[in-house]
There are 2 protein chains.
Amino acid sequence: MDCNCNAYHCPVDTTLNMIGGKYKALILWHLTDKTLRFGELRKLIPQATPKMLTQQLRELEENHLINRTVFPVVPPRVDYCLSDLGISIRPILEAIYTWGTDYLNQNGLEASCSMTFSS
Amino acid sequence: MDCNCNAYHCPVDTTLNMIGGKYKALILWHLTDKTLRFGELRKLIPQATPKMLTQQLRELEENHLINRTVFPVVPPRVDYCLSDLGISIRPILEAIYTWGTDYLNQNGLEASCSMTFSS
DNA sequence: CAGTATCCCAATCGATACTG
DNA sequence: CAGTATCGATTGGGATACTG
């Protein structure tokens, strides 16, 4: 039984803990407007080992940022998609992305990653 | 001699690395519109040991988010304040703060920390 | 006053191999 | 296909004591 004995919580730490994980921002990004299976995420984020990918997905799920759907079929199939909460956090990710891009450009660095705006 | 051999950088990771450190957001928050000395920051963030506070301040300085001014006097005096870059990142911190506050409130948790908006 | 220096424990993360 | 299990290297971070 969980009992949170801390009466007060820092909003900034709360948010950062939810999106600050090693591959969390990347996962949320890839799931924008899309439902993806575990194997598809693995191909999109090859630098993450299955262990890490599973761990990050579980934490995102615990924080209710994504939905995990298991289909009782063989071979197994599991779908991941953003929850409403996950959708609501996207503007923050975009603000962070925009600031980071400006910063990199101003420092003569090429800004690029698996995250790109399609619209 | 440092040589960054990666041609491309992820903007989101770049931003998160700059503000995601254990006490970095808190430090940036306290320095808003204020110049503070090391000892003042210690009193404002007592949970950070001097080692950790120094480390976080050094990293913020390396990322040019804050300015460190040493006065050649005895006893020593060192001032910390936001740089222009540090000021420019504040809207992101506020967006993160706002989202986190909404999230905590919707989950029946009391949102609070050393970070509060004065205006 | 503004830090350093040590020591040491805990959490993070990667590599690899294995399974229902 | 969608994960687990295990091991080990690296990093993070706290406690305490010391210094120019």
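Everything quoted here is computed from the prediction, not taken from an experiment.
M52(A) has its CE atom 16 Å from the P atom of dA5(D), to the nearest Å. dC1(D) atom P lies 15 Å from atom CG of L36(A), rounded to whole Å. Separating the CG atom of D79(B) from the P atom of dC1(C) is a distance of 14 Å, rounded to the nearest angstrom. At whole-Å resolution of the value, CD in Q55(B) and P in dG3(C) are 14 Å apart. Rounded to an integer number of Å, the gap from NZ of K43(A) to P of dA2(D) is 8 Å. Following rounding to the nearest Å, Y80(A) (OH) and dC1(D) (C1') show an atom-to-atom distance of 11 Å. Distance CG (L57(A)) to P (dC1(D)): 17 Å, rounded to an integer number of Å. Rounded to whole Å, atom P of dA2(D) lies 11 Å from atom CG of L53(A).
Between I27(B) and L53(B) the shortest side-chain heavy-atom distance falls below 4.5 Å.
Counting any heavy atom pair closer than 4.0 Å across all strands shown, K22(A) reaches sugar-phosphate atoms only and no base atom. Residue R42(B) is classed as having no contact, given no heavy-atom separation below 4.0 Å to the nucleic acid. F71(B) comes within 4.0 angstrom of no nucleic acid atom, judged by non-hydrogen atoms across all strands.
A sub-4.0 Å separation between OP1 or OP2 of dA2(C) and a side-chain N or O of R58(B) is absent. Residue R68(B) has a polar side-chain atom (N or O) positioned under 4.0 Å from OP1 or OP2 of dG3(C). One finds no side-chain N or O of Y23(A) lying less than 4.0 angstrom from the OP1 or OP2 phosphate oxygen of dT12(C).
Along DNA chain C, the nucleotide nearest R37(B) and the nucleotide nearest A48(A) are compared for position; the residue whose nucleotide lies closer to the 5' end is R37(B). For the pair P75(A) and K51(A), both in contact range of DNA chain D, the more 5′-proximal nearest nucleotide belongs to P75(A).
To the nearest 0.5 angstrom, T15(A) atom OG1 is 6.0 Å from I89(A) atom CD1. The distance from the CG atom of L57(B) to the CG atom of L36(B) is 10.0 Å, given to the nearest 0.5 Å.
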A correct dot-bracket answer for DNA chain D, with pairs being Watson-Crick or G-U at under 3.5 Å, [ ] for crossing pairs and | for inter-strand pairs, is ||||||||||||||||||||
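When each of dA2(C), dT4(D), dA2(D) is scored by its nearest atom to the side-chain atoms of R77(A), the top-ranked nucleotide is dA2(D). Checked against dT4(D), dG20(D), dC13(C), the side chain of P76(B) finds its nearest nucleotide in dG20(D). In the set dG13(D), dT4(D), dG3(C), dG3(C) carries the atom at the smallest distance from any side-chain atom of T54(B). The side chain of T49(A) has dG14(C) as its nearest neighbour among dA2(C), dG14(D), dG14(C).
Between the side chain of H64(B) and the backbone N or O of E62(B), at least one donor-acceptor pair lies under 3.5 Å. For T101(B) (side chain) and P11(A) (main-chain N/O), no donor-acceptor pair under 3.5 Å exists by modelled atom type. In terms of modelled atom types and a separation under 3.5 Å, the side chain of T35(B) and the main chain of L31(B) share no donor-acceptor contact.
Y80(A) and F38(A) have tilted rings, their planes meeting at an angle from 30° to 60° on a 0 to 90° scale.
Minimum heavy-atom separation, Q56(A) to K22(A): OE1-N, 3.3 Å.
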